[in-house]
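Written out below as structure tokens is the structure these notes cover.
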Amino acid sequence: MTPHPLGRLLNILDYALSSLRRRLLKNLLVFAVFTLVVFLFSSLLLTRGALGDLAGRLLAAAPDITVQQMVAGRQVPIAASACEGLRGIPGVGLCRGRLWGYYFDSENGANYTVIGLPEGPAGQAPASLSHAVEGRLPQPGERGKAVLATAVRQQLGLEGRRFFSLFRPDLELLSFEAVGTFTGSADALVADTILLAEADVRHLFALPEDQNTDLLVDVVNPLEVETIAAKIADRLPGVRVISKERIAKTYRAVFGWRSGITATALLLALSAFVILAWDRASGLSGEEVREVGILKILGWQSGDIILLRFCESLLVSLFAFLSGWLLAWVHVAHFQAALLRPVFLGWSVLRPQFPLLPPLAAADLFLVLAISVVPYLAATAVPAWRAATVPAHSVL
Amino acid sequence: MRIVLDQVSKVYNSAQPNEVVALERVSLAIDKGEMVCLEGPSGSGKTTLLSILGCVIAPTGGSASIGDKKIARLPDHFRTSYRRQLVGFVFQHFNLLEERSLLENVTLPLYPLGVSPRVRRERALPLLQRLGIDHRRDFPVRQLSGGERQRAAIARALINDPPLLIADEPTAHLDRPLAGEIMDIFAALKAEGRTVIIASHDPLVVTHPAVTRRLALHGGRLLADPPGQR
Ligand SMILES: Nc1ncnc2c1ncn2[C@@H]1O[C@H](COP(=O)(O)OP(=O)(O)OP(=O)(O)O)[C@@H](O)[C@H]1O
Ligand SMILES: [Mg+2]
């Protein structure tokens, strides 16, 4: 009788399934640990991917070059007139001052970023900004109006109310009316932001008329950004010049570093998993030896035993992989990576409500598959082979 | 299908301090349809001889064949192939998987052959009926009595419809009436044209009317004239 290959595979798969059911507790444990490791690692990958997307959007909105005045290693306001000195550099487009600062809300223990409403050449707010706001922006020349990020609105306890107050350095209390809220993905990018008219920002922070927080410089040809940044640094003594590329590097470094911590934690989980796999794999108990001996003396070939072991490992690891990946997806896309956010987003009191949308990358999927299922199968290959070499006559 | 052993020897742990010569130059020929009883005291090599005949182990010397198939010096893989084609083996210690059902145990030899679950069942049920244990088919083996286990072991040996049936002390754990029934089953299998070889020192087996020949082993050697040979 020649074996029927597909029938043989199905029968051995069937036998493997019932074997797994028989050692339910142990296999469930392996399954759980395996799922957890895949879940953690996949969550990490998916979150990183989603944050990468986010950083990309942040960068797209960033100016080509930012110029900051430094005194004794700290940033201080810079005169808008400094722009005059840059006009002569070929390739420099628009240069304008920007007003922003951090405001510490001692009552709520929160930090806000207060930004002056950027105005276009015609004294008009950029169109992209008005699209990202529900409600309206302060009109040109209008004072005392604010646009808030949702998180700030909550922090200030503004549900149902419109007015809030901020302190000037001299403790004068300024009152503002919230006339708009950031929406959609913009809201995520500006999670701790209060947008005011530039004049309001100047007043709030008690900045002199000519002073700005920093200067933004547009460059006509994107390829010249680095060269022009270097020229600006030459022209203006004591300034720090930040190009878009450097911001990108900083993002990458932050994500990389934070993922490093997580990777360490993951390594621990992984080693636990390896130990478990090893234990499961290496432990060829007397009972198992007897079972294999019986199967072999009944006509099962060594190849049948190896296939049986392989099916067992594959069933456990593949299902664990799938459920781990699925859970990770739900975790990141639906629960906004709740378990990983503190790692990635640091210690800000305001937990920015970034809407994480993990990119569906086949590469990630295969990476996780390659570092979970493949090593597990490899770890169980040697013991499977050892089991397969149990001689048939051992049970006589 | 004639079985021939020529000068077959089996040495365990050769050239080691615990070397055992289990069989020494055993020669014999068994014709199709014979029912041979193999006698001998404990440790005389009965199980060893049956294992060689049953394509479970290879002899260390001599030659052996079943029909036109040489079985003495074969790679593991081919010996296993012959075993599942030619031999049904009823083991001395049953070798049943305690946690699996009677039906599963009986059909285990069919799994690697790719026989579908339906066909496995169709082939097993008549055997279980014939042996009077089909009402126990879904019981795990650990819940079966000694007699039921013995029948399960016989049913499993027959699942591939083998021309050669080998039984190692099949009545050792049974009471007399049950032992008689089991022997009647073997007699019936012999009557179907199968060759049956039984190792036993149970008088009930040795003197069973269906037995056509008695062989006696002593210290690994085949005695020319077994005691009490008719
Ligand atoms: N795998 C083995 N390794 C080493 N020695 C073995 C092995 N199997 C059997 N022997 C030895 O070979 C001899 C014959 O053993 P065998 O099992 O064939 O005897 P037996 O006639 O079946 O005995 P019993 O009636 O007790 O079952 C014994 O001395 C035994 O110790
Ligand atoms: Mg024996």
Side-chain angles (χ1 to χ4, degrees), chain A residues 1-27 284-312 315 384-396, chain B residues 10 12 22 46-48 50-52 54-58 75-101 104-120 140-141 153 156-157 159-162 166 168 199:
Chain A
M1 197 186 310
T2 43
H4 186 278
L6 182 65
R8 164 179 177 257
L9 180 66
L10 290 178
N11 283 349
I12 290 177
L13 209 62
D14 176 30
Y15 191 92
L17 259 176
S18 57
S19 287
L20 290 177
R21 263 207 313 276
R22 254 175 201 101
R23 290 185 286 271
L24 194 62
L25 212 68
K26 195 175 178 187
N27 287 311
L284 206 59
S285 68
E287 195 171 336
E288 283 172 302
V289 170
R290 179 171 178 270
E291 179 180 358
V292 173
I294 289 175
L295 293 178
K296 287 195 75 173
I297 209 167
L298 293 178
W300 289 48
Q301 300 279 15
S302 300
D304 298 326
I305 303 294
I306 289 179
L307 182 64
L308 170 63
R309 287 296 168 123
F310 180 78
C311 286
E312 283 182 15
L315 283 171
W385 178 78
R386 278 224 317 255
T389 55
V390 168
H393 58 79
S394 65
V395 291
L396 277 172
Chain B
K10 178 69 184 180
Y12 291 112
K46 299 185 295 296
T47 298
T48 303
L50 292 187
S51 306
I52 291 171
C55 304
V56 176
I57 59 173
D76 221 29
H77 187 85
F78 292 100
R79 196 175 316 109
T80 302
S81 282
Y82 284 167
R83 182 161 72 244
R84 58 190 189 196
Q85 275 174 47
L86 303 173
V87 186
F89 209 124
V90 182
F91 304 102
Q92 191 168 3
H93 306 290
F94 305 146
N95 280 338
L96 297 163
L97 295 176
E98 297 286 310
E99 296 304 317
R100 290 187 180 258
S101 74
E104 275 180 289
N105 266 278
V106 167
T107 55
L108 281 178
L110 301 179
Y111 279 68
L113 298 176
V115 180
S116 75
R118 190 179 52 80
V119 176
R120 289 205 299 264
V141 163
R156 190 181 57 190
I159 196 79
N160 272 336
D161 196 20
I166 293 175
D168 197 354

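Letters go in sequence order (proteins before strands), and every chain restarts at 1. This structure is a prediction, so every number in the text was calculated from the model and none was measured.
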message: Return the OG1 to NE2 distance between Thr48(B) and His393(A), rounded to the nearest 0.5 Å.
response: 10.5 Å

statement: Applying a strict 4.5 Å limit to non-hydrogen atoms, the region of Leu295(A) in contact with chain B is side chain

message: What I'd like to find out is whether the side chain of Glu99(B) reaches to under 4.5 Å of the side chain of Arg23(A), using heavy atoms alone.
response: no

query: Is atom CG of Leu24(A) surrounded by more than 12 heavy atoms (other residues, nucleotides or ligands) closer than 6.0 Å?
result: yes

- prompt: Could you give the distance from CG (Leu298(A)) to CD1 (Ile159(B)), rounded to the nearest 0.5 Å?
  reply: 11.0 Å

- prompt: By a 4.5 Å heavy-atom criterion (distance strictly below it), what part of Ile297(A) contacts chain B: side chain, backbone, both, or neither?
  reply: both

task: Tell me, yes or no, whether the heavy-atom count around Phe78(B) atom CZ, taken from other residues, nucleotides or ligands under 6.0 Å, exceeds 12.
output: no

task: Counting only heavy atoms closer than 4.5 Å, note whether Ile57(B) contacts chain A via side chain, backbone, both or neither.
output: side chain

message: If you compare all heavy atoms of Gly299(A) against all heavy atoms of Arg84(B), which two are closest, and at what distance to 0.1 Å?
response: O-NH1, 2.5 Å

task: Mind ranking Asp76(B), Asp168(B), Val56(B) by heavy-atom pairs under 4.5 Å with chain A and telling me who comes out on top?
output: Val56(B)

message: If I take atom CD from residue Glu98(B) and atom CD1 from residue Ile294(A), how far apart are they, to the nearest 0.5 angstrom?
response: 8.5 Å

message: At a 4.5 Å cut-off on heavy atoms, which part of Ser394(A) comes close to chain B: side chain, backbone, both, or neither?
response: neither

Main-chain N/O of Leu113(B) paired to Asn11(A) side chain as donor or acceptor, under 3.5 Å: no

query: Rounded to the nearest 0.5 Å, how far apart are OG of Ser19(A) and CZ of Arg100(B)?
result: 4.0 Å

field: Interface residue of largest heavy-atom contact number with chain B, from Glu287(A), Arg290(A), Arg22(A), under 4.5 Å
entry: Arg22(A)

query: Out of curiosity, Phe91(B) CZ to Leu396(A) CG, how far, rounded to the nearest 0.5 Å?
result: 6.5 Å

field: Part of Leu96(B) within contact of chain A (heavy atom distance under 4.5 Å)
entry: backbone

task: Measure from the side-chain N and O atoms of Trp300(A) to the backbone N and O of Tyr111(B), and report whether any donor-acceptor pair falls under 3.5 Å.
output: no

